[in-house]
Amino acid sequence: MPVAIADALQLTIDEGGRVCVLTGAGISAESGIPTFRGTHDSLWSRFDPMRLATAEAWREDPALVWGWYRWRMQLVRDAQPNAGHRALADLAERIPLSLVTQNVDDLHERAGSVVDAHVHGSLFALRCFACGCAHEGVLDDYVDGARRVEPMRCVSCGDRIRPGVVWFGEALPDDAWDAATDAATHCTLMLVVGTSGLVYPAAGLPAVARRQGAIVIEINPEPTALSADADHVWRATAAVALPLLAR
Ligand code: APR
């Protein structure tokens with residue numbers, strides 16, 4: 001473990017500071033959940049986001065979009081949190097820590113973390129596409145490998161039920177974004193774990209932290225758009241680095 005990173009964390013603890021963790025798809029990679037970019041099996045190298053992750057795509061072919069999200073939900077249901085998720089939950093027991101994630105899976109929660117902000121929403125937070133009312137229905141409509149699944153219908157207005165994720169071109173949920181910027185503004189150290197740093201405004205959170213004097217540490221096996229501005233980078237995976245950090 002890089003000494004400078006251990007020292008930076010120790011200094012924050014000694015000074016009674018606060019850690020903000022920003023996670024991306026990379027933290028779920030070792031749970032078997034595909035990332036969006038960077039490898040041959042990343043989602044955007046296999047699927048076209050403009051045909052699956054936009055409101056226009058939903059209007060055009062809701063069964064195709066819903067089928068894709070049901071497949072992703074099934075992947076998450078079948079996956080387990082990894083040592084990286086668990087290390088963050090453990091760390092939060094011992095030091096003041098805010099967790100902001102771009103991920104729409106529930107692996108942080110299933111590892112025991114309280115997530116302060118899901119800035120891109122949550123796969124399982126279903127709501128009506130038209131009237132927005134939450135849908136608590138049981139998900140039993142998925143046959144493995146089905147490409148098209150007809151979405152469920154809203155009990156109050158009859159329109160289709162959509163996944164509670166932020167699609168390209170949609171605004172981030174106000175409460176999540178406010179919590180995320182608050183966490184970035186009031187931390188003394190930010191850990192940026194498993195994100196390519198390409199999608200704004202979430203990718204701007206490390207700059208928010210740095211502008212108010214926080215130390216920014218990137219944990220990622222690959223260089224990213226955020227690496228140049230990080231105070232320290234740790235070229236390691238989340239499931240290897242975070243348990244070492246927690247110890
Ligand atoms: N541990 C840590 N980082 C990893 C690991 C791992 N085991 N495996 C891959 N990574 C890194 C990759 O190097 C890459 O930098 O995780 C990052 C994944 O980047 P993306 O796939 O772009 O995911 P993310 O940054 O979360 O995407 C942001 O884009 O499509 C939208 O809404 C979607 O929230 C998503 C947003």
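Atoms within a ligand are numbered from 1 in the order they appear, just like the ligands themselves. The chain is numbered in sequence order, starting from 1.
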Asn220 backbone acceptor or donor facing Arg235 side chain under 3.5 Å: yes

Heavy atom of the protein closest to atom 34 (O) of ligand 1 (residue, atom name, distance): His120 ND1, 2.8 Å

Distance in Å, Cys154 SG paired with Arg162 CZ, rounded so as to fall on 0.5 Å steps: 13.5 Å

Backbone or side-chain N or O of Gly24 under 3.5 Å from ligand 1 N or O: no

Ligand 1 contact by Thr224, heavy-atom criterion under 4.0 angstrom: yes

Distance from atom 36 (C) of ligand 1 to nearest protein heavy atom, with residue and atom: Val199 CG2, 3.8 Å

Between Glu218 and Ser227: side-chain donor-acceptor atoms closer than 3.5 Å: yes

Asp178/Asp175 under side-chain contact (heavy atoms from CB on, under 4.5 Å): CA gap, chis, key distance, verdict: CA-CA 5 Å; Asp178 290 347; Asp175 54 344; 5.8 Å; no

Distance-only side-chain donor-acceptor flag, Glu15 / Thr188, under 3.5 Å: no

Residue Glu60 excluded, over 12 heavy atoms near CD under 6.0 Å: no

Shortest heavy-atom approach to atom 18 (C) of ligand 1 - which of Gly194, Ala236, Ser42: Gly194

Arg153, CZ atom: more than 12 neighbouring heavy atoms under 6.0 Å: yes

Ligand 1 N/O within reach of Val193 N/O, cut-off under 3.5 Å: no

Taking atom 25 (O) of ligand 1 as the reference point, the nearest protein heavy atom with its distance: Thr195 OG1, 2.6 Å

Per-residue contact class, Thr237 against ligand 1 - non-hydrogen pairs under 4.0 Å: both

Nearest protein heavy atom with distance in Å, relative to atom 10 (N) of ligand 1: Gly26 CA, 3.6 Å

Whether Asn220 lies under 4.0 Å from ligand 1, heavy atom: yes

For atom 29 (O) of ligand 1, the option (of Gln102, Glu222, Arg37, His118) bearing the nearest heavy atom: Arg37

Heavy-atom nearest neighbour in the protein, as seen from atom 23 (O) of ligand 1, with distance rounded to 0.1 Å: Ala25 CB, 3.5 Å

Rounded distance (nearest 0.5 Å) linking atom CZ of Arg86 with atom CD of Gln80: 9.0 Å

Ligand 1-proximal atoms of Ser196, by part, heavy-atom distance under 4.0 Å: both

Protein residue, atom and distance nearest to atom 35 (C) of ligand 1, heavy-atom basis: Phe36 CE1, 3.5 Å

Charged N-O contact under 4.0 Å between Glu150 and Arg160: yes

Protein contact to atom 1 (N) of ligand 1 [nearest heavy atom, distance to 0.1 Å]: Ala238 N, 3.0 Å

Residue and atom name of the nearest protein heavy atom (relative to atom 8 (N) of ligand 1), distance in Å to one decimal: Ala29 CB, 3.7 Å

Ligand-residue contact atoms, ligand 1 with Glu30, heavy atoms, under 4.0 Å: 1 (N), 6 (C), 7 (N)

Backbone N/O of Met50 and side chain of Glu56: donor-acceptor pair under 3.5 Å: no

Side-chain touch Arg110/Val76, heavy atoms, less than 4.5 angstrom: yes

Which of the ligand 1 atoms, numbered from 1, are nearer than 4.0 Å to a heavy atom of Trp44: 30 (O)

